[in-house]
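Start at 1 with the first residue, then count along the sequence. Side chains are part of it too, since the values below use all heavy atoms of this structure and drop only hydrogens, waters and symmetry mates. Note that the coordinates shown come from a computational prediction; the quantities given were computed from them, not determined experimentally.
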Amino acid sequence: MEPTKNEQFGVSTSKNDVRNANPNKKLFPNAYCKVVPDVFGDFVKLLFSKPTVNVMNVNGVGSKAMLTYHRWKETNDLNVWKNLAQDAVVMNLDDLICSGITNNILLSSTINYNANHIPEEVVNTVVSGIEDYLETLRSQKINIRFAGGKTTNVGDLVQSLTLDTTTAVRIRQNEIIANDRIQDKDVIIGLMSHKQLSLLSPLQTYLPVMKAILENFRPSIHGLVHCSDGGQTKCLNFVNDLHIVKDQMFAVPPVFSTIQNESNMSWQDMYKTFNMGHRFEIFTKEKIADDIIKIARYFGINAQIIGHCEAAQTTGLTIKSEHGIFTY
């Protein structure tokens, strides 16, 4: 497959390099986040009594940090850094959700910056922005705690900063969503992207709505996919012998039309790179789809069936969209 424009510039959307270098073959190989035996307890002793496992995840804000830096230089508005801090948390948490985790989360941050370009007040704003957003989640009955983190002066960072978050969780093994039950005739429910008005609009996590959905339907949820860093093709990383058809997509938000127009990227590559209107997917039985959609809408999130799965000898994806039909 020909590389996308992003890949030509050295940006990996598939993350196959990392996946191949760090295989997950022992516990839940199809899980979205890597699952390991519980190092905080006696895993062997608990094998026959609903053993617990550990899940860790690391995520960052990527090139959005540079966009934030330029906006701050133009406006002198520190709030743009709070938005960046929130995004760093959201991108990590929405990965965790895909392994069935919605509560009891420990989070830390790593900030690298050049003090000649980034003053202390910016770093303080980022750190306080993380804690402020976690407090918002705690007010929604999400038990999540900030364990602090590390800030490092890096001389070769000419502008902006890097911001990564790390999360750690202990969860019962039987609560893991492993994506291994995605099957023929499953429908795919898409949860619409939040506030997709500009690249600097702060993201909102799907954690509260997915907590409610899993509390009611966990046994019937066959798979969860966060459509980031791989866009609408991300689902191909977690299925075998299935043809995924996405033929009832949300309308493409204006921000992606602007990106396509300015970059001249093909629409096929756009769907491979960006979420294109929905950032989260639920693979489940059709008979409970309406109930899940009602829960999402109760939380103010538009949701709809955007596709389905079909048994196939070769794993693949077909997207039927307003901009054409694309196969992967």
Minimum-distance pair of heavy atoms, taken over all atoms of [X] and [Y]:
X: F283; Y: I244; result: CE2-CD1, 4.3 Å
X: G100; Y: I177; result: CA-CG1, 3.5 Å
X: M66; Y: S160; result: N-OG, 3.6 Å
X: D241; Y: Q313; result: OD1-O, 3.6 Å
X: G230; Y: T233; result: O-OG1, 2.8 Å
X: R279; Y: V90; result: NH2-CG1, 3.9 Å

*So K246 and Q232, side chain to side chain donor-acceptor pair (under 3.5 Å) or not? Walk me through it.*
CA-CA 9 Å; K246 300 184 181 182; Q232 289 303 313; 2.8 Å; yes
*Begin with the C-alpha distance, continue with both residues' side-chain angles, and end with the deciding distance and a verdict on side chain to side chain donor-acceptor pair (under 3.5 Å) for D164 and T110.*
CA-CA 5 Å; D164 300 301; T110 302; 5.7 Å; no
Any donor-acceptor pair under 3.5 Å linking the side chain of [X] with the backbone of [Y]?
X: T273; Y: M270; result: no
X: Q260; Y: M265; result: yes
X: Q304; Y: Q248; result: yes
X: T165; Y: A88; result: yes
X: K211; Y: N103; result: no
X: D87; Y: L203; result: yes
X: R181; Y: P219; result: yes
X: R218; Y: E175; result: yes
X: S99; Y: I176; result: no
X: N216; Y: A212; result: yes

Any [X] side-chain heavy atom under 4.5 Å of [Y] side chain:
X: T162; Y: I111; result: no
X: F146; Y: S109; result: yes
X: I282; Y: M210; result: yes

_Restricting to ring-ring contact (aromatic ring centres under 6.0 Å, His included), what partner residues turn up for Y271, sequence neighbours left out?_
F326
Does the distance from a Lys or Arg side-chain N to an Asp or Glu carboxylate O, for [X] and [Y], drop under 4.0 Å?
X: K285; Y: D186; result: no
X: D229; Y: K234; result: no
X: E131; Y: R145; result: no

*Can you hop from V126 to V58 via hydrophobic side chains spaced under 4.5 Å?*
no
*Would you say F299 and I305 are hydrophobically clustered, going by side-chain heavy atoms of ILVMFWY under 4.5 Å?*
yes
*asked:* Assess the residue pair N59 and D95 against the criterion (side chain to side chain donor-acceptor pair (under 3.5 Å)); give the C-alpha distance rounded to whole Å, side-chain angles, the decisive distance to 0.1 Å, and a yes or no.
replied: CA-CA 9 Å; N59 212 324; D95 281 354; 2.8 Å; yes
*asked:* For F250 and H278, take the angle between the two ring planes, folded into 0 to 90°, and tell me which bin it lands in: parallel under 30, tilted 30 to 60, perpendicular over 60.
replied: tilted
*Using 30° and 60° as the class limits, which term best fits the ring planes of H323 and W267: parallel, tilted or perpendicular?*
parallel
*Let me see the working for V123 and Y113 under side chain to side chain contact (heavy atoms under 4.5 Å, CB included), right down to the final yes or no.*
CA-CA 8 Å; V123 178; Y113 70 102; 3.8 Å; yes
*Check whether more than 12 heavy atoms from other residues, nucleotides or ligands sit under 6.0 Å from atom CD of E322, and answer yes or no.*
yes
*asked:* Around atom CD of E135, are there more than 12 heavy atoms from other residues, nucleotides or ligands closer than 6.0 Å?
replied: yes
_Is there a side chain to side chain contact (heavy atoms under 4.5 Å, CB included) between Q173 and T52? Walk through the geometry before answering._
CA-CA 5 Å; Q173 182 171 308; T52 53; over 6 Å; no
*Walk me through it: do T166 and L107 pass the test side chain to side chain contact (heavy atoms under 4.5 Å, CB included)?*
CA-CA 6 Å; T166 301; L107 180 143; over 6 Å; no
*asked:* As a quick check of understanding, evaluate side chain to side chain donor-acceptor pair (under 3.5 Å) for N92 and T167, giving each step before the final call.
replied: CA-CA 7 Å; N92 196 317; T167 48; 2.7 Å; yes
_Which residues pass the side-chain hydrogen bond (donor to acceptor under 3.5 Å, both in side chains) test with N54, not counting sequence neighbours?_
D38
_According to side-chain hydrogen bond (donor to acceptor under 3.5 Å, both in side chains), who are the partners of N104, at least two apart in sequence or on a separate chain?_
N143
*For the pair C309 and I182, evaluate side chain to side chain contact (heavy atoms under 4.5 Å, CB included) and give the outcome as yes or no after the intermediate values.*
CA-CA 8 Å; C309 300; I182 299 176; 4.0 Å; yes
